[in-house]
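A short worksheet on the structure shown next.
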Amino acid sequence: MDLNNYLLERKSALANSDRPAMIMTHVVCGYPSFEDNWKALEVMQSFGVDLVELQFPFSEPSADGPLFVKANQEAILNGVHVDDCFEFMQKVTAHFSFKVVMMGYYNTVFKTGQQQFLERLKAAGAVGFILPDLPVDEAGELHSIAKQLGLAPILLMTPTNSDARLDELAQSADGFIYTVARKGVTGSNTDMNHSVSDFIDRCRQFTTLPLAVGFGVSTAADVEFIGAHADIAVIGTAALKAWEHGGEASLTAFFKQLLPAQVDV
Amino acid sequence: MDLNNYLLERKSALANSDRPAMIMTHVVCGYPSFEDNWKALEVMQSFGVDLVELQFPFSEPSADGPLFVKANQEAILNGVHVDDCFEFMQKVTAHFSFKVVMMGYYNTVFKTGQQQFLERLKAAGAVGFILPDLPVDEAGELHSIAKQLGLAPILLMTPTNSDARLDELAQSADGFIYTVARKGVTGSNTDMNHSVSDFIDRCRQFTTLPLAVGFGVSTAADVEFIGAHADIAVIGTAALKAWEHGGEASLTAFFKQLLPAQVDV
Amino acid sequence: GYYGEYGGTFLPEILHSTIEELKIEFRKAKDDPTFWQEFIELMQSYSGRPTPVTHLANLSNQLGGAQIYVKREDLNHTGSHKINNVMGQGLLVKRMGKTRVIAETGAGQHGYATATMAARFGFKSKIYMGAVDVARQRPNVFWMENMGSEVVAVTDGQQTLKDAINECLRDWVTNMDDTHYVLGTACGPHPFPEMVSWFQSIIGREAREQIIQAAGKLPDRIFACVGGGSNAIGLFQGFMDDQDTQLIGCEAGGFGPGKGNHAARLAYKDATVGVAQGMKTYFLQNDDGNMLHTHSVAAGLDYIGVNPVLVHLWEQNRVRFEAVTDAQVTEALKLTMRTEGLIPALESSHGFAQAILEAEQMAKDEVILINMSGRGDKDIFTIADALGDEHWKSFIRQKSDEYGPE
Amino acid sequence: GYYGEYGGTFLPEILHSTIEELKIEFRKAKDDPTFWQEFIELMQSYSGRPTPVTHLANLSNQLGGAQIYVKREDLNHTGSHKINNVMGQGLLVKRMGKTRVIAETGAGQHGYATATMAARFGFKSKIYMGAVDVARQRPNVFWMENMGSEVVAVTDGQQTLKDAINECLRDWVTNMDDTHYVLGTACGPHPFPEMVSWFQSIIGREAREQIIQAAGKLPDRIFACVGGGSNAIGLFQGFMDDQDTQLIGCEAGGFGPGKGNHAARLAYKDATVGVAQGMKTYFLQNDDGNMLHTHSVAAGLDYIGVNPVLVHLWEQNRVRFEAVTDAQVTEALKLTMRTEGLIPALESSHGFAQAILEAEQMAKDEVILINMSGRGDKDIFTIADALGDEHWKSFIRQKSDEYGPE
């Protein structure tokens with residue numbers, strides 16, 4: 001798959017830098033606007049992020065925290081449609097060097113039609129997708145279409161999963177694994193501590209895919225901690241907060257403290 | 001009894017006049033004030049009324065209409081007590097030539113004590129009493145005390161009574177019978193018509209006592225109608241309304257139209 | 001017509017034949033076993049009887065004393081025991097061929113029940129309610145009107161229950177031909193105390209069987225609030241012959257003893273025997289025999305007189321009377337809501353408050369039965385005020401703004 | 001986890017083990033006859049079950065068609081059928097050893113019931129309620145708070161039931177260790193639709209026996225309102241094998257057909273299949289799969305999705321769906337209050353409205369059964385507004401003046 005190869009490449013590229021982990025960032029399509037999205041992505045690109053999640057706004061974002069709930073809601077109110085998201089994704093993948101995965105809720109896929117949705121995703125240049133409300137048990141057909149198209153179905157591993165379940169998840173996942181370092185919705189605060197590393201180590205037993213760690217990453221120390229145990233640090237809420245606080249300037253300052261080491265883009 | 005003799009005398013006195021019936025009026029003790037009561041009684045005296053009911057105010061005047069309910073209530077609020085009513089009655093009977101009967105509710109009697117209440121009534125110069133909420137069935141002891149003291153227990157006959165009941169009432173009553181010309185509380189409007197005269201005629205079959213007719217009398221024609229069928233016209237609400245409208249002047253005007261024929265006082 | 005020396009029929013003469021007819025019809029109905037059967041079936045199919053007896057294990061454990069059980073009259077249709085009496089009288093009205101009913105109401109529960117009965121039986125109806133009670137029990141008024149009853153706010157006197165009764169008597173002396181006066185409690189002229197008690201005895205008949213089943217024994221003490229006294233006599237009747245069962249009537253202590261502060265006729269020493277509202281019983285009255293102002297947080301207990309049957313039982317030491325203050329009532333209500341998920345009406349909460357007080361002193365194998373005569377939904381305005389609920393106030397302000405000026 | 005092609009379990013991975021545990025515990029409970037027995041006994045002693053079936057002779061005669069009977073879920077403790085499900089889940093929570101419950105609520109009835117259950121079982125509880133619903137169902141909020149629940153007004157999205165469900169899911173993914181999500185209707189991820197349906201089947205089990213007893217035959221048509229669909233499936237289950245009994249689900253027609261005007265998923269043509277709120281079913285959504293605004297005078301029916309079990313039965317032509325407009329509902333409510341003394345909740349009034357419409361066309365020996373899922377007391381603010389009651393407005397203004405400015 002595209003994503004697997006890409007991550008292998010990036011990993012070895014970073015091995016020679018001071019950057020402790022690969023970085024995945026997050027943007028909600030059309031919030032505050034597609035123009036703002038574009039400027040944010042330019043900042044992210046300038047800091048050499050490796051992956052970006054483009055979230056397709058959904059009216060019932062039940063796995064998101066308050067900031068992203070609001071972002072989803074406003075985007076819809078602004079008139080953002082699924083077509084607009086695909087169009088934007090197309091432009092992004094054509095212009096930037098980071099890879100893009102779609103993030104969203106299953107109904108957006110289901111309503112478009114599974115086959116059609118993934119084909120459009122492929123056409124728009126995405127390399128995978130994250131659907132937090134689609135359990136692997138319900139994903140059989142979607143995953144087999146993804147496989148045909150070379151798109152990575154990115155799955156979540158969580159601290160509440162049994163070993164058997166982690167194994168099952170590992171079998172179905174591709175690209176990387178999104179390990180959820182704590183209970184709760186996006187943006188919940190997480191102490192990067194012993195129990196987090198234990199959990200990551202546990203996930204590692206079941207898969208050779210790169211591990212991303214999400215939920216609450218906001219400092220250079222967090223990134224360093226993740227680099228020591230996993231592969232990809234996911235930056236979500238903290239970056240959106242920075243953007244809301246002061247646009248490009250704030251976002252740039254945020255990434256400056258988060259990622260002090262420069263890398264080649 | 002005093003009352004029986006008095007009514008016989010008055011009846012024969014009126015026989016030679018143009019006054020169609022004897023007249024009984026009504027005053028609520030202490031409403032609007034004892035001074036007002038006195039002035040009203042002077043007007044009544046000047047028109048030669050034969051009897052006056054002095055109502056002892058009670059907090060639950062359930063057989064009275066709105067005007068008298070208010071009068072009872074205000075009198076109590078003004079601080080009128082049973083003692084005050086007796087004192088006033090004493091003055092009235094000492095000064096005026098009409099006879100006075102007590103009107104009120106049984107609890108006033110019961111709370112004072114039956115014996116004591118009737119003794120005080122006698123001492124204050126009253127000749128009888130009307131207690132609309134004391135049925136004859138509950139009045140045995142009170143009536144026997146009254147008999148000893150020469151006070152007339154005045155009873156009501158009503159259109160709903162059976163012949164047997166009218167007979168029973170006649171046996172227990174003295175002084176006169178208060179025939180209730182229609183259903184309802186005091187002050188209800190009554191057409192003086194065929195059914196009223198039929199009812200009075202029916203009462204007459206059971207008693208030789210004078211018959212008073214109450215409820216709604218307000219015109220000379222009413223008094224004439226009553227004179228044709230019964231003995232005493234009871235003037236209640238209409239007189240109080242006149243007083244409330246304009247004191248002595250209004251009350252005088254009211255009686256002028258009601259009782260065009262002068263009689264000796 | 002007397003219970004000991006209390007009771008009697010003190011009514012204007014014009015109602016004599018009406019009340020005689022009622023006595024006769026009631027006697028006939030009482031002697032006719034099919035009548036009671038019809039009543040039971042109506043109450044089952046329309047009001048959900050039998051109401052259950054619920055064990056309050058949490059509350060009992062928390063207090064550490066007697067096991068507390070509750071007879072759930074709150075689960076009746078219209079939310080209180082009042083429906084028992086009202087449906088019974090409805091059946092009588094049908095037998096008498098009358099077409100219109102009138103009723104007084106204090107807390108509004110009896111008016112609500114009567115309006116319901118009138119709708120169900122197809123009678124015309126008018127409900128008299130003291131203006132003060134209309135103000136504090138508006139939701140009930142709203143439903144009465146919507147069930148087709150005319151509700152009259154009585155502005156005489158103290159503008160509460162007693163004044164509504166007077167107004168009913170005034171209506172009745174005018175319209176006795178087609179109208180039955182559905183008296184709401186075991187007070188007023190005979191045969192009402194006996195009649196209302198009889199219909200309400202359905203509570204005690206059920207409860208005795210149920211508590212033996214649930215607790216394995218007869219209750220040691222039974223608590224019921226007493227306004228007029230119909231829910232109390234209704235429950236007590238089931239246990240009258242059980243001499244080891246204490247019967248406790250809980251009156252409205254309001255702000256505490258002292259004339260005008262409360263509505264406790266027997267528990268405090270402020271009432272004396274009198275004759276009013278058609279009966280001879282204890283009244284809160286002054287030396288002239290004029291009635292005192294009364295006070296209770298519970299509109300349904302805010303009454304000058306008391307069931308003459310209960311007075312008789314009190315004199316015989318068969319029923320004990322206690323008074324519970326407004327403050328105690330609020331606390332008991334809060335405790336009951338939080339520990340058991342039950343919302344007793346403010347009236348019923350008087351029974352809970354006294355039971356809670358005594359339960360602590362009792363042994364764990366002793367059994368208490370409380371009559372939950374009604375549910376507290378109707379009291380939302382009063383309870384919100386008693387608890388000083390700020391959210392509620394904001395809500396009302398906002399609603400008022402929405403409606404705009406008159 | 002599927003009913004036909006509807007249902008499923010669409011939840012974040014972090015809830016996987018929680019929902020698996022729930023499935024297992026539910027299965028064990030369902031296979032354990034003592035569990036159902038414990039449930040029945042609890043509902044008898046605490047909630048007054050069985051609720052009766054009442055014949056509405058007046059209404060039937062007035063319409064001149066079928067005989068109308070009503071299953072009286074309004075007589076349950078807390079005033080609606082919601083308590084059945086909630087007490088059942090409470091027993092499950094106890095078995096699972098959890099100590100905290102959360103719940104969404106629309107009309108407030110489910111929140112009220114959950115708060116009650118939590119008080120009775122001694123659980124901590126938090127109730128999520130759309131801010132719009134908090135405003136229109138304030139009395140229920142007041143009681144929830146007073147029973148010790150924290151009520152959270154959800155200001156996301158449409159601020160109604162669906163948003164409260166999202167918020168519950170967010171709480172659950174954070175606190176699944178000690179917390180059970182007491183879903184209030186037969187929707188959401190499997191096993192909730194099956195579980196809620198199972199607890200609610202108590203309605204239909206009782207009703208089938210009762211209607212045969214009362215009417216002497218099985219009903220020809222059964223009507224129930226459908227929001228989430230729990231009261232409907234609860235009643236329908238009792239008659240699933242009775243092929244001659246028509247089952248009719250009555251949805252919220254609001255202002256009538258047209259996207260955004262109503263909450264009718266199956267009766268109108270505005271809904272399509274989707275996956276949200278944990279399940280696959282019909283949703284009122286746009287082409288992007290984003291949910292539409294819905295409208296109904298009844299908060300409890302104002303919902304985007306529908307019970308997947310009912311959808312399956314609808315596709316099999318076993319259940320017919322009809323929509324009833326707000327205006328029809330108000331008329332049906334008024335008629336029912338005046339002719340029978342019953343006050344159905346606005347939700348339940350949808351069933352009444354459709355039944356009244358069809359009854360007229362039916363023969364006199366045909367039998368209709370309506371589920372009166374709840375009582376209308378809670379709707380006083382909404383109903384007063386719907387009827388434009390001026391007395392009520394004056395009362396609220398006066399109360400507001402009494403409270404003074406904030």
Side-chain angles (χ1 to χ4, degrees), chain C residues 44-49 51-55 58 72 74-79 115-120 122 135 138-139 141-143 145-148 214 333-334 337-343 375-378 380-381 383-384 387 389 391-401 403 405-406, chain D residues 44-49 51-55 58 72 74-79 115-122 135 138-139 141-143 145-148 214 333-334 337-343 376-378 380-381 383-384 387 389 391-401 403 405-406:
Chain C
Q44 284 177 347
S45 66
Y46 189 65
S47 189
R49 301 205 72 90
T51 60
V53 160
T54 306
H55 183 208
N58 305 332
R72 299 290 301 284
D74 62 303
L75 290 175
N76 271 301
H77 182 45
T78 73
T116 300
M117 178 273 275
R120 176 78 178 176
R138 184 79 219 178
V141 176
F142 177 82
W143 296 120
E145 289 176 343
N146 275 290
M147 279 184 293
L333 172 61
K334 284 200 275 190
M337 289 195 286
R338 273 161 203 264
T339 56
E340 298 288 354
L342 298 183
I343 308 174
R375 54 177 153 87
D377 307 35
K378 66 166 178 76
I380 191 160
F381 285 92
I383 294 178
L387 303 177
D389 191 282
H391 287 165
W392 179 257
K393 288 185 191 172
S394 304
F395 167 67
I396 293 297
R397 282 188 201 104
Q398 173 210 317
K399 209 65 202 163
S400 173
D401 290 348
Y403 290 151
E406 202 102 18
Chain D
Q44 284 176 348
S45 65
Y46 188 65
S47 189
R49 299 206 74 90
T51 59
V53 161
T54 306
H55 183 208
N58 305 333
R72 300 289 303 282
D74 62 302
L75 290 176
N76 272 300
H77 183 45
T78 74
T116 299
M117 179 274 275
R120 176 78 178 175
F121 279 96
R138 185 79 221 179
V141 176
F142 178 81
W143 297 119
E145 290 178 341
N146 275 289
M147 279 185 293
L333 172 59
K334 285 199 276 190
M337 289 196 285
R338 275 162 200 263
T339 55
E340 298 288 354
L342 299 182
I343 308 173
D377 307 35
K378 65 162 180 76
I380 191 160
F381 285 93
I383 294 178
L387 303 178
D389 191 284
H391 287 166
W392 179 257
K393 289 184 189 170
S394 305
F395 166 68
I396 293 298
R397 282 189 202 103
Q398 171 210 319
K399 208 66 202 162
S400 172
D401 291 348
Y403 291 151
E406 202 100 17

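Below, all heavy atoms of this structure are taken into account, side chains as well, without hydrogens, waters or symmetry copies. Proteins get letters first, then strands, A, B, ... in listed order; numbering begins at 1 in each.
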When the ring planes of D:Phe381 and C:Phe381 are compared, do they come out parallel, tilted or perpendicular, using 30° and 60° as the limits?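 Correct class here is tilted.
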Interatomic spacing from CD1 in D:Ile380 to CD1 in C:Ile380 - rounded to 0.5 Å: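 The CD1 atom of D:Ile380 sits 9.5 Å away from the CD1 atom of C:Ile380.
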To the nearest 0.5 Å, how far apart are CZ in D:Phe142 and CG in C:Leu387?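 Rounded to the nearest 0.5 Å, the CZ-CG separation comes to 5.0 Å.
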Over all atoms of both residues, closest heavy-atom pair of [X] and [Y]:
X	Y	answer
C:Gln44	D:Pro52	O-CB, 3.2 Å
C:Arg397	D:Ser400	CA-OG, 3.5 Å
C:Arg338	D:Ala119	O-CB, 3.4 Å
C:Glu340	D:Arg120	OE1-NH1, 2.7 Å

Got a donor-acceptor contact below 3.5 angstrom from the D:His391 side chain to the C:Glu145 backbone?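 It does not hold such a pair.
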Are any side-chain N or O atoms of C:Thr54 and backbone N or O atoms of D:Ser45, one a donor and one an acceptor, separated by less than 3.5 Å?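 A pair under 3.5 Å: yes.
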Please state whether the side chain, the backbone, both or neither of [X] comes within less than 4.5 Å of a heavy atom of chain D.
X	result
C:Thr78	neither
C:Thr339	backbone
C:Ala118	neither

Proximal component of D:Ala115, with respect to chain C [non-hydrogen, under 4.5 Å]: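 Neither the backbone nor the side chain of D:Ala115 comes within 4.5 Å of chain C.
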Could you check if a side-chain atom of D:Tyr46 sits within less than 4.5 angstrom of a side-chain atom of C:Leu342, using non-hydrogen atoms only?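 D:Tyr46 vs C:Leu342: side chains touch.
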Taking side chain as C-beta onward, heavy atoms only, is D:Ile396 less than 4.5 Å from C:Ile396?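 In short, these two side chains touch, coming nearer than 4.5 Å.
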Choice from [options] maximising heavy atom contacts with chain D below 4.5 Å:
options	answer
C:Pro139, C:Gly79, C:Gly122	C:Pro139
C:Asn76, C:Asn58, C:Val141	C:Asn58
C:Arg49, C:Arg138, C:Lys393, C:Met337	C:Arg138

Which residues satisfy the side chain to side chain donor-acceptor pair (under 3.5 Å) test with C:Asp377, sequence neighbours excluded?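 Testing C:Asp377 for side chain to side chain donor-acceptor pair (under 3.5 Å), a comparison that skips the adjacent residues, returns D:Arg375.
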By side chain to side chain donor-acceptor pair (under 3.5 Å), which residues pair with D:Asp74, not counting sequence neighbours?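 D:Arg72.
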Looking at D:Met147, D:Met117, D:Gln398, which makes the most heavy-atom pairs under 4.5 Å with chain C?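 The candidate making the most pairs under 4.5 Å is D:Met147.
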